[in-house]
Amino acid sequence: MQRVRNICVVAFLSSLAFDGIAQQELPIDSHATRETVALYHNLKKNLSQSFMFGHQDDLAYGVGWKYVAGKSDVHEVTGDYPAVYGWELGRLELDQPVNLDSVPFDRMKAFIREGYEWGGIITISWHLNNPLTGKTAWEPAPGTVASVLPGGEKHQLFKNWLDKVAAFFLSLKGPGGEFIPVIFRPFHELNGSWFWWGGKNCSPDEIKQLYRFVVSYLRDQKNVHNLLYAYNTDRFKTKEDYLERFPGNEWVDILGFDIYQANNIAKNEAFISELDQTLGILESVAREQHKIPALTEFGYGGVPDSSWWTQVFLKAIGHHGIAYALAWRNAGRKSATQFEFYVPYPGQISANDFVRFYHEPRTLFQQDITKLKVYQ
Ligand code: BMA
């Protein structure tokens, strides 16, 4: 009721001013579904009180197991599931039934529905192949971004790929037939040079054009209205660095960056100070742009420090107000010599500290966020 009265007064004073105020409180998609708008509002609320813990591929596999109903390394250690679930679309564009990390897309959809029904939040990345060379996302070939923009030789192919992504998003439905909201973070780590859409492999103007094209194609051509869009760099030093490739306020809902600690405990202090400073810049840009700040990916591979969660990660997060932080995937054994995980499993050296981290009032997991009802 209060809101109705305010709207009348503001509309009376100036309809232009009202537009300005209202837009700050809505996602960039003016046709976003009710649940998507509710998620946006709820992510914006209480930013300074707490943050949600997320994990990539949490329900699909962990260290030493794959596809066990109800299993999750986070759950094995804490007795609770994450609040945010990360999933990955790489190879959907090639019509393959499994993604680049061997997760079948039909199972992924079921996990997404499960997490949503528990009240959890879904975020999706896309390590799409290089459309110009046909190789992986990590095969930068200068000219690739230009080739997929309107007028480019791979533009039509890229649109075909986006059609598949649109169909995937539109296939995600909750129990009442409503679309499941997703935080989509296309072209993540776009200031690094390891992906074809990143850093030196294209100009800032080209990636901005590409980002805008993807948003307008999915939203305005394919009628996908269950997405919040995340602008997602890798680590950065200054506000200018962060915004160098920013497509503009009207194209982005969430501002994030990815950061990993190098495998060296001696560098704990350096990591705390870097993460603390970078989060400070992120928060101030988010305030200026009226967007939602988030740590879109983080991790310390193999977590070799027994008190990393409370003595390093939580210290760096400190007083910062971010909506969520997504730990990367527990791939487990990748080859005879490679082992990848970012969240402890039972018996892992940081498991007890992860339980302490779980009990910190500032960290939100599944049971906390179910109560928050973020889709209402
Ligand atoms: C990387 C690693 C890879 C994986 C890729 C995409 O950081 O985890 O093993 O294929 O992300 O999910």
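Here, residue 1 is the first one in the sequence, and each next residue gets the next number.
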Is [X] reaching over with its side chain to a backbone N or O of [Y], donor-acceptor style, under 3.5 angstrom?
X: Glu244; Y: Tyr242; result: no
X: Asp29; Y: Asn226; result: no
X: Gln338; Y: Arg333; result: no
X: Asn249; Y: Gln289; result: yes
X: Lys44; Y: His290; result: yes
X: Lys291; Y: Leu255; result: no
X: Asp234; Y: Asn191; result: no
X: Thr296; Y: Phe257; result: yes

Review point. Under a 4.5 Å cut-off applied to non-hydrogen side-chain atoms, are Phe339 and Val63 in contact?
Key: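 SC-SC contact between Phe339 and Val63 confirmed.
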Check your understanding: Side-chain contact, heavy-atom cut-off 4.5 Å: Thr123 with Gln56?
Key ->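 Result no, sub-4.5 Å side-chain heavy-atom pair not found.
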Practice item. Please determine if Arg329 forms a cation-pi arrangement with Tyr342, meaning its NZ or CZ atom is less than 6.0 Å from the six-membered ring centre and no more than 45° off the ring axis. Key: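 No.
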Decide whether [X] and [Y] meet the rule of one side-chain donor and one side-chain acceptor closer than 3.5 Å.
X: Asp80; Y: Gln366; result: no
X: Asn268; Y: Gln261; result: yes
X: Trp197; Y: Glu206; result: no
X: Thr278; Y: Glu274; result: no
X: His320; Y: Asp276; result: yes
X: Ser307; Y: Thr310; result: no
X: Glu88; Y: Ser125; result: yes

At their closest point, which heavy atom of [X] faces which heavy atom of [Y], and how far apart are they?
X: Arg245; Y: Cys202; value: NH1-O, 3.5 Å
X: Pro247; Y: Tyr211; value: CG-CD2, 3.5 Å
X: Trp196; Y: Leu128; value: NE1-O, 3.2 Å
X: Val98; Y: Pro104; value: CG1-CA, 3.7 Å
X: Pro181; Y: Leu39; value: CB-CD2, 3.9 Å
X: Pro346; Y: Val77; value: N-CG2, 3.6 Å

Does [X] come within less than 4.0 Å of [Y], counting only side-chain N to carboxylate O?
X: Arg185; Y: Asp258; answer: yes
X: Lys109; Y: Asp106; answer: no
X: Glu340; Y: Lys334; answer: yes

Exercise for review: Verify the cluster assignment for Val68 and Val103: are they in a single hydrophobic cluster under the rule of side-chain heavy atoms below 4.5 Å apart?
Suggested key: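 No, Val68 does not connect to Val103 through the hydrophobic network.
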Measuring from [X]:[atom1] to [Y]:[atom2], what's the distance to the nearest 0.5 Å?
X: Gln311; Y: Leu314; atom1: CD; atom2: CG; answer: 8.5 Å
X: Ile281; Y: Lys239; atom1: CD1; atom2: NZ; answer: 10.0 Å
X: Asp73; Y: Asn330; atom1: CG; atom2: CG; answer: 4.5 Å
X: Asn130; Y: Thr144; atom1: CG; atom2: OG1; answer: 4.0 Å
X: Leu190; Y: Ile207; atom1: CG; atom2: CD1; answer: 5.5 Å

Exercise for review: From the options Tyr40, Tyr231, Phe184, select the one residue that forms a side-chain contact (heavy atoms from CB on, under 4.5 Å) with Asp253.
Suggested key: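 When side-chain contact (heavy atoms from CB on, under 4.5 Å) is applied between Asp253 and each of Tyr40, Tyr231, Phe184, only Tyr40 qualifies.
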Counting heavy atoms not belonging to [X], are there more than 12 under 6.0 Å from its [atom1]?
X: Lys66; atom1: NZ; answer: no
X: Arg34; atom1: CZ; answer: no
X: Asp220; atom1: CG; answer: yes

Ring centroid separation for [X] and [Y], is it under 6.0 angstrom?
X: Trp138; Y: His127; answer: yes
X: Tyr81; Y: His55; answer: no
X: Phe341; Y: Tyr345; answer: yes
X: Phe53; Y: Tyr324; answer: no

**Study point:** Listed partners of Asp205 passing salt bridge (charged side-chain N to carboxylate O under 4.0 Å, His left out), at least two apart
**Key:**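 None.
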Exercise for review: Using the test side chain to side chain donor-acceptor pair (under 3.5 Å), find all partners of Trp309 that sit at least two apart in sequence or belong to another chain.
Suggested key: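 Ser350.
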Review point. Per the ring-ring contact (aromatic ring centres under 6.0 Å, His included) rule, which among Trp118, Tyr85, Trp87 passes with Phe111?
Key: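 Going through the options one by one, the only one that passes is Trp87.
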Review point. Between Phe357 and Phe365, how do the two ring planes meet: parallel, tilted or perpendicular, split at 30° and 60°?
Key: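 Ring orientation, 0 to 90° scale: perpendicular.
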